[in-house]
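Worksheet for the structure shown next.
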Amino acid sequence: MKLGIFAGPATTGKTAVIRHILTRLHNRGLAAAFLKIDVQFAEEDEQLAAEFGIPTRKVYSGELCPDHCNVMVLGDALAWAERSKAEVLLVETAGLCLRCSPYVDGGLGVVVLEATSGMNLPLKVGPMLSLADVAVVTKIDRVSQAEREVFRARIQDAAPEVAVREVNALHGIGIDPLVTRLLNYPDVSKNMLLRGNPPVGTCTICVGKKEIGWQAHFGVVRSLENQSFYRGE
Amino acid sequence: MVSQISIIAGRGRDGRCDRIERLDLNMGDVVSVVGRTGSGKTTLINDIELFADGDTPTGRRILFDGVPAAPEDRDDPSRNPIALITQHTTFLSDLPVTEFLVTHARIRARSQAAAQALVAETLMFANQLTGEPINPGSRMTELSGGQTRALLIADATVICDTPIVLLDEVENAGINRTRALELLRRHKRIFIFVTHDPRIALLSDRRIVMSEGRITDVLETDEEEQAVAPAVTRLDDMLSHLRERLRGGLRVSRADLEVA
């Protein structure tokens, strides 16, 4: 089973990219399955099931962080995809808090970013970008040549190891190399590991303390004047 | 640097082939794409912009110096030989103009001094195309439509320095077209204008005629048309003059029809 995990902010074109990949997998006679992880609303599973006749599922993470949800359900999802006779599982997830990334060792990690989100976005999204294998840039026709170039340079600044790929998700141009990369990955093993180090998990806010001001908290605290704080990926 | 692009025939919406088998455009060419709304003009330049290789709906292929584009050219915008400016292309950045241009120029230029020189040249270029000079301290998002278009063209021509510039109906956006064509001709490029403007069409070396999604003809601007061009330019200047007076809150008279 090949695994591809697609992350990125809402409405950047993750599903549009996946749709073109599914078309190409279909043309090569490969059976795919699709899992969508979102917070509270998604219908991509129904759309793609209707379009491609493939097994699809969705999970709402609700009060849980979607990346956390991904870690919980991914093992089950692979077993489900295998039972469904799929050879490739594509997972689409809403990357939200920008502290973690949903990618696992052994599967292709793709972040989908839109050129229209501004030149500084690559500097802001953290491990969702820096731990990906490929950064796909969509909506390139909407911005000036200048901003396209700066956007790409900023991605390379923030994540020098990540391959950048501009695609036209309308016409599906620039998709083939993504499919090649996905299929060149070895099959995923049963014991998958989350890529990179997760952020600090003992957070007073995460466990429900709502008081404002560092004096009310413990563990990782920081005052305005204190420049040192925990650094993850 | 690319010095020639070729369009290899594809099909229109009705499945019929383009009338030309292969069209070569060379460095220094200024070409117009003409045709009614919906005739496939924008599709043609999208094919070029996308480095079509039989993988777009028209099936056209675009060759650069006789061969298909290298994948690196598509992936790296600073190696992309094409700059596309459409009516929808815009600046999203709210940085001040100079800061924005320096950010862009630094990616292209070897030194800080070279970047500063590029920025100065870009602003000078842009200011020759627009009515109101650009204030280098203004935020990009505060520029007028005309100023934005002028800066997009200047940035693509001077900083990007791409050999091929595609301009999709930019004439409606309040830039000085005669000046633009003069300046653009001085910077040797392959310029492709999608246009409804008789002045730009007649000042081009040739025009690609589109209908029902396919190329139906390619016309070299002939001697008679070249002879007609100055008169068209005068008519157009007269209209511009009237437009400027009306915009400026002035009255117009018969005498204004004599001004060229």
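The sequence lines fix the lettering, A, B, ..., with proteins before strands; numbering per chain opens at 1. Side-chain atoms are counted along with the backbone in the values below, which use heavy atoms only and exclude waters and symmetry mates. The shown structure was predicted, so the numbers you read here are calculated from the model rather than taken from an experiment.
- Interface remark: B:L92 contributes backbone and side-chain atoms alike to the contact with chain A (heavy atom separation under 4.5 Å).
- Residues of residues 39-47 of chain B lying within less than 4.5 angstrom of chain A, judged on heavy atoms, are absent.
- If you measure heavy-atom distances from B:L95 to chain A, the contacts under 4.5 Å come from the side chain alone.
- Looking at B:I107 and A:R152, their side chains never come closer than 4.5 Å, going by heavy atoms from C-beta outward.
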Self-check item: side chain to side chain contact (heavy atoms under 4.5 Å, CB included) evaluation trace for A:R154 with B:T103
Solution: CA-CA 11 Å; A:R154 296 262 161 102; B:T103 309; 3.2 Å; yes
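- Residues A:Q145 and B:I82 approach most closely at OE1-O, 3.6 Å, considering heavy atoms.
- If you measure heavy-atom distances from A:A163 to chain B, you find no contacts under 4.5 Å at all.
- Crowding of B:E132 atom CD: a count of heavy atoms from other residues, nucleotides or ligands under 6.0 Å not exceeding 12.
- Side-chain contact between A:E147 and B:D155: absent, with no pair of heavy atoms (C-beta onward) separated by less than 4.5 Å.
- Top candidate by heavy-atom pairs under 4.5 Å with chain A, chosen from B:A52, B:A156, B:S93, B:A105, is B:S93.
- With a 4.5 Å cut-off on non-hydrogen atoms, B:F100 touches chain A through its side chain but not through its backbone.
- Looking at B:L50, both its backbone and its side chain come within 4.5 Å of chain A, counting heavy atoms on both sides.
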Exercise. Apply side chain to side chain contact (heavy atoms under 4.5 Å, CB included) to A:N168 and B:E49, showing your working.
Key: CA-CA 11 Å; A:N168 179 313; B:E49 211 276 322; 5.8 Å; no
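- Counting heavy-atom neighbours within 6.0 Å of B:R179 CZ, excluding the residue itself, gives a total above 12.
- Residue B:A83 touches chain A through both its backbone and its side chain, counting heavy-atom pairs closer than 4.5 Å.
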